[in-house]
Each structure stands twice: as C-alpha cells, then as structure tokens.
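Keep in mind it's a predicted model, so treat the numbers as computed, not measured. Letters A, B, ... mirror the listed sequences (proteins, then strands); counts begin at 1.
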Protein chains: 2
Amino acid sequence: MSGKKSSLTVADVARAAKVSKATAARVLGGYGIASETARKAVLEAAETLGYQPNDLARSMSTGRSGLVGVIVGDIENAFFSQAVRGISDRLRAADLNLIISNSSERLSEEIEMVSVLLRQRVAGLIVAPTDARRVDHLKAAVASGTPVVTLDRRSPDLEVDAVCGDDRGSVAQVLHRLHEEGHRRVAYVTAMMTADGRLGKLEDIGISAVRERISSFLAQMRDTGVETPADLVFTGASDDGSTADIVTRILAQSPSITAILASDSLIGARIFRELSDRGLSLPQDMSLVSWFDADWTRVTSPRISVVDQPTYQFGQKAAERLISRLKGDDSPAQTFVVATPLVERGTIGAPKGRGPVEIPD
Amino acid sequence: MSGKKSSLTVADVARAAKVSKATAARVLGGYGIASETARKAVLEAAETLGYQPNDLARSMSTGRSGLVGVIVGDIENAFFSQAVRGISDRLRAADLNLIISNSSERLSEEIEMVSVLLRQRVAGLIVAPTDARRVDHLKAAVASGTPVVTLDRRSPDLEVDAVCGDDRGSVAQVLHRLHEEGHRRVAYVTAMMTADGRLGKLEDIGISAVRERISSFLAQMRDTGVETPADLVFTGASDDGSTADIVTRILAQSPSITAILASDSLIGARIFRELSDRGLSLPQDMSLVSWFDADWTRVTSPRISVVDQPTYQFGQKAAERLISRLKGDDSPAQTFVVATPLVERGTIGAPKGRGPVEIPD
DNA sequence: TTGTATGCGTTATCAG
DNA sequence: CTGATAACGCATACAA
C-alpha cells in the first residue's frame, strides 16, 4: 500500500453516477433536492467507489466545524476524565466531536490551547479556567463568536454559562455535620500554592471553586468561634512530601485539630496514607472528608466520607449548554449549580480528647 | 458582541500591509522568502488587526491536518486516561492536537469513530482495537494513507506499529511467584463476556491483551499440573453483582483456590471489596494480584500487589511511533513491548490450608 | 524578492 | 429538478 492521501471527491462520484457535481453534492451532503433516480445513482456510485466525505472542506464552506474544544486541568485526574466522558457522550449525540487538551492548570498553557483550538475553528469551547481573574483569551473567543462554557469554575468577568458544584453549600454542610459531632477545629488542605505557604488574600485564589470553598470554610469556622480560621487552611499539598509535612503540622496542633477536609481526591488519598502510616485510626484519632467520590474511597477501612461531585453530570450539563448555544440560544449567561452532597461513610466520628501523638521525624 | 464568525484573512492583512496576498501568506505561514521590510509590515499589520490563521483552510491546502485521532475503550478508566495523557504530551511537542473518542469497547462504535475521524482527515490514528479479528476499518485507514498505531493491543491482520504490555511474561512471572509461595490453583478473573459464562475458544477473545494473558495463564497452570485450567478462568466480571457471584464461586472451590488474578484494576477493586466484606483477610485467606497500578491499590490494608502497566509510557511510545510514521518512516511495522513488572506489596502470601469458608447468600 | 493565478473539496447561488 | 460557477482561506507553481 503506497499510502496516497488522495481520496475520492464528489466530482469522482458525480462522474461515475453520470450526473453533475452539484447534484452529487446535494445528495451526498443531504441538502437541497434531487430526484429519486439521481439520488439512487449517486448513492450507489458512492457506495461502490467507497466515497468518504471530507469534513474539512465541508467546514471550510459552511464555516461550521463539528469540533468542540475541551480544556481541562489534567485528564489523568478522574475528576476531569469523568467529566470528559460526560461531555463526550452528550456531544456524540449531537454529532459533535471532541478535541481535548490539558492546561496542567497553567494559565500560559491554557491561553496557548485556546489559541490553537480557535485556529482549528472549533464550534465551541468547554474550559475549566485556571485563573478566574485572567480570562481575556476566553472573552476574546466569545467576542469572536465562539461560545464558551466553563466547567467546575466560573469567572465574574466572563458572561458565559458555567456548570459548578455547590462549593459553599457543601463546605457548610460538612462543617455543620462535623460540628454536630463535636469537632471545633477542622483543617482544610488544598493543593493550591501560595508564595509563603500561608493563605493570602482570597481574591488571589485563581481557581474559583477553591476560593469559594475556602471562603465558606473561613466564614463557617469564624461563626463557630474560631478566631483565626486562616491558620486552619493548609496550602501546597501537591505531592507526597508536602502532604506529609502538612499532616505533621496538623498533628502537631493535636489535639485541637480533630478533623481534616481534603480539597480533592488526590490529596485525600495522600492524607489517608499518611494517617494510616502513622498508625492513627479513623475516625477515632482523626475524622476525614475528601472531595470527589473516587474509586479509592470505597476500598479503605473504614471507607472515606466524601463530598460527591458528580462530574460526569457536570460534563453532560456543560455540553448540553454549549449545544444549546450552538443552536442559537442567546438567553443571558447562567450558572448551573449541581448538588454536591456529603456522602457519609466511615470517617466521620466523635473526636476523642487525646494526648499528643508521636510524630516520627 | 453580536458573535459574527467572520475572522480576518491573509487578504485583509495583505491589504493593510500594502503587499500582495502571496507575500502576506508567506510570512504568516512561515514559508518561502520575504524581505525584512515586507515581513515587518505584515507582522505588524497582523498584530494590530488581530489576525488568527485558519488551520482548516491551511489543512485543506496542504492536505495535512494537525489532528491525531485517538480511540480508547473508556476514557473514564485511569488505564486509558493515563495513556491519553502520555499521547497528549508527546503530541503537543510535535504541534499536533488530539481528537478523542470512546468506543465503549464496542466494535460498532469503533468503526463509526474511525469513519468520523477519517472524514475529519486526521493525520493519524491511535487505537486500542476492541476486536483483533475485525480490523478491516483500520486496514482501510492504513491503505488510504492514514498511519495507525495500536495501543495496548495488536492484531495479526494489521501491519502497523503496536505498543503493548508484556502480557504473557507478566502472567508467567506472577504465577511463578505464586507457585513458589505454595499456590497451586489460581483463579483468573476478567470482564470479558462469553456466551455461556464459560471460557470458549481462545481465538474468540477479541481483545488481544486479554487473550494473551489467558493463553499464558492456561499454559502455565497446565505446566504446573492443573488438568483443567479453563475451569479457573472466570469471565463476565463487569459489575458489582457479577463479580460478587464470581467470588462466591471461587470461594466455593475453597480451599483449593488460594489466589486470584484480576485482569484490570476495576475488577481488582471489586474483588477486594467482596473479599473484605466477607471478612476474609489478605493474604492469609486469599492472595490477590491486580493488573494496573491504580491509586486505590495503595490505600488498602494491606496494599495490593499489582502488575504495573505504565500506560503513560504506552501512550508516549505510541505517539512517538505515529509521529515518526508521519515524518515518513516506512520501516516494517513493529510491536513494542513495554515491561509490565510485578510490584509486590502486601497481598501475596503463603496459602493456608483452611476449611470451607462461610458464604453468605 | 514579489505578485498572479490556480487548486484543495465542499457548499451555495442562480440561471436553465 | 439540474447544472454551471463562484466562493471559503490558504498554499504554491510559475512568471515577472
């Protein structure tokens, strides 16, 4: 097979069917009108020749491309890959395809990918914006006529549909439940980096979902009598080492901190491992709630209590909104909040007044 | 913003820069030759106008599209999403983009997706073929000049590069290790469906990786004295219920079966849960080895021994081969076998002669 | 070095 | 209903 790239065109089919190019194009493209006889002839010729339409050329002509660009933080993360599956399933039903890219949660890459996708003339964009304050590239996309829907996050500067979890509400629910159980000081652990490892100004948190949760966390903690709730927010849990350090710091505050909230399931897993490795048992020595109902949360003993983020649904809804925009819906931009309920399993329990824990160094 | 899709063209830039369309195209496209003055004028005009090249049109002209199609069984599965990340990273470095689809491990969908991607005139295809015996659509793609690389699987009917794990070898290694430990009868559990729930002819197994492993499994078991090793292969573990049934059947053969091999990490997790729920402790009551080093295998107690399939590397290698083919490499098709070593953690132990286990019904 | 003219495979317009 | 023919935006052979 000499691998020539020259496929057949409507002209070839037309010739074989003994009709004009225009007629062949009409029946093959499924538009306009053609007589039964012509239609049969063309279809038959196309069949025997093995004609494959060229969607590139079609898009060029029509200006529409059947491609939707998706930009996520990390496709390896089940949080996103599940969302992508939701997007993919909905899109397919609308005869749209999905071109996907990773931003690695870096603004520069996100900007680059938007540019690439725009050059490909995607019909629309679904993005989990890395930084809510830096969305000019997305605004430009919208301005030039490419609809955008944001996933899991939103930006006040962006008037587009957004599909988010109920970040504030779920934090409130979890903390309320924990308070009820007797917990007074709870730690919030996030992968987000800050310059000095301490929580800075809330406005400086780029990922809106994270900001919402921390904001809600601080408010709730303050309401229940904690004077400096910012001290309970631990940032930079981006790998095993930093997470181990954080766990050490949390345990050093023992016994005052009696519960931990993990901002995503990767962090949750690392914290759980650290805790087990140090011989602590859950929930007696420490309560733990992780965001995202990941696979691993069901094989531990006890199973992990989680804030269930149904990201497959996030994805479905986002795709749905985009499709609707593509069809011409020009109602005002809207934010869709998907419920993210606390699923209580085995890691929420009453705190026990325990003495200082032995910390290996 | 009234959302008009009409972006600027080279012609607009040319006009603004007071040069011909061809000159503008040359500097914007980065080919051919242009004087410094012309180049500066064009670039400046493009900048101020906000020109964005149209990759669709470019692809039409050149015949090349910067898109690579990827078809996996299920993007939600970490096995594949990790591979996709590997593909994505390598592709990006070569200025290629990734358009992704799910086959849901169904041949009909795979065929459909290949067709869709071919219509989009993708530069190449990376596919995890669902059925090694039904690859005409892939052969056709190759014949028409679109290079194909298969991922994790291969087909004897397909003369294309393939990147696979060492399926036979890893089975041998695991069984050898288990035998050494004293295990004589080992169960192999797979999601693959068979008509009657029993293992049929090996040739009827569509997914090559699965076939290789089972084939190796049967050979090894027979070698070590098991007369009817097919009885040790349990198929159809596709959800919680069916997996529970299988575990029941395995335990019913107790105490002769003393170890279980899980063909993928989803099955592994389900089996682990079943075993724990029934109060068995690993590895005393049962040894367990799962394919794929998934997150969950590190949070259990004990941690799960796994056959580590580095699918990120699978993906990287596959993308690498495709890029190479795209660059014109026409050496004979080759299969690249990536090592998939046994990572021993806590679930391999000596079998204990135990009495019948209580099985709840 | 630059410009002119033509082609890529469709869709779409407008007479026949 | 059908058939020429002109776009679409870019690349490129060839002429200047």
Side-chain angles (χ1 to χ4, degrees), chain A residues 4-43 45-46 49-67 118-123 144-145, chain B residues 4-43 45-46 49-67 116 118-123 144-146:
Chain A
K4 28 182 174 198
K5 265 290 186 189
S6 56
S7 27
L8 308 168
T9 74
V10 283
D12 298 314
V13 177
R15 204 171 306 121
K18 295 186 196 309
V19 296
S20 75
K21 217 171 64 170
T23 302
R26 273 191 284 259
V27 357
L28 291 172
Y31 60 95
I33 288 174
S35 65
E36 254 326 298
T37 50
R39 144 171 277 95
K40 269 234 289 260
V42 171
L43 256 24
L49 290 186
Y51 167 77
Q52 287 274 71
N54 182 333
D55 278 352
L56 244 63
R58 181 168 298 179
S59 298
M60 267 233 37
S61 274
T62 61
R64 284 181 296 275
S65 98
L67 262 33
L118 250 26
R119 283 204 291 268
Q120 300 277 358
R121 295 299 187 266
V122 291
S144 73
Chain B
K4 29 181 175 202
K5 267 292 186 188
S6 57
S7 28
L8 309 166
T9 74
V10 284
D12 298 314
V13 177
R15 204 171 307 120
K18 296 186 197 307
V19 297
S20 76
K21 227 171 54 168
T23 304
R26 274 190 282 257
V27 358
L28 291 173
Y31 59 93
I33 290 174
S35 65
E36 254 326 296
T37 51
R39 147 171 274 95
K40 268 235 289 259
V42 171
L43 255 23
L49 290 186
Y51 168 76
Q52 287 273 74
N54 183 333
D55 278 352
L56 246 61
R58 182 167 297 176
S59 298
M60 271 238 32
S61 281
T62 60
R64 283 180 295 276
S65 98
L67 261 34
V116 168
L118 250 27
R119 284 204 291 267
Q120 300 278 358
R121 295 299 188 265
V122 292
S144 73
T146 305

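Rounded to whole Å, atom P of D:dG3 lies 15 Å from atom CD1 of A:I33. In this structure, the NZ atom of B:K21 is 8 Å from the C1' atom of D:dC10, given to the nearest Å. Between the CG atom of A:L28 and the C1' atom of C:dT11 there is a distance of 12 Å, rounded to whole Å. Going from atom CZ of A:R119 over to atom P of D:dA11 covers 12 Å, rounded to whole Å. Whole-Å rounding puts the B:L56 CG to C:dT10 C1' distance at 11 Å. If you measure from atom NZ of B:K18 to atom P of C:dT1, you get 23 Å, rounded to the nearest angstrom. Atoms CD (B:Q120) and C1' (C:dT10) sit 14 Å apart, rounded to a whole Å. Between B:R58 atom CZ and C:dC8 atom C1' there is a gap of 15 Å when expressed in whole angstrom units.
Contact check for A:S59 versus A:R121: no side-chain heavy atoms found under the 4.5 Å cut-off. Residues B:R119 and B:V116 meet the side-chain proximity criterion, which asks for heavy atoms closer than 4.5 Å. Counting heavy atoms from C-beta outward, B:T9 and B:N54 have side chains that stay 4.5 Å or more apart. In this structure, A:V19 and A:V27 have side chains that are not in contact, with every pair of non-hydrogen atoms separated by 4.5 Å or more.
A donor-acceptor contact under 3.5 Å links the side chain of B:R26 to the base of C:dG3.
Note on B:Y51: a side-chain N or O is less than 4.0 Å away from OP1 or OP2 of D:dC10. Within the structure, every side-chain polar atom (N or O) of A:S59 is placed at least 4.0 Å from both OP1 and OP2 of D:dC8. Proximity of B:S20 to the phosphate of C:dG3: a side-chain N or O atom is located under 4.0 Å from OP1 or OP2. Side-chain nitrogen and oxygen atoms of B:Y31 include none within less than 4.0 Å of the OP1 or OP2 phosphate oxygen of D:dT12.
When distances run from any side-chain atom of B:T9 to the nucleotides C:dT11, D:dG9, D:dA11, the shortest one goes to D:dG9. Counting only heavy atoms from C-beta on, B:S35 has its side chain closest to C:dT1 among D:dC8, C:dT1, D:dC1. Of the candidates D:dT12, D:dC1, D:dG9, D:dT12 carries the atom nearest the B:A22 side chain, counting heavy atoms from C-beta on.
With rounding to the nearest 0.5 Å, the separation of CG in B:D55 from CZ in B:R64 is 12.0 Å.
B:A11 comes within 4.0 angstrom of nothing in the nucleic acid, heavy atoms only.
With DNA chain C read from its 5' end, the first of the two nearest nucleotides for B:S61 and B:T23 is the one closest to B:T23.
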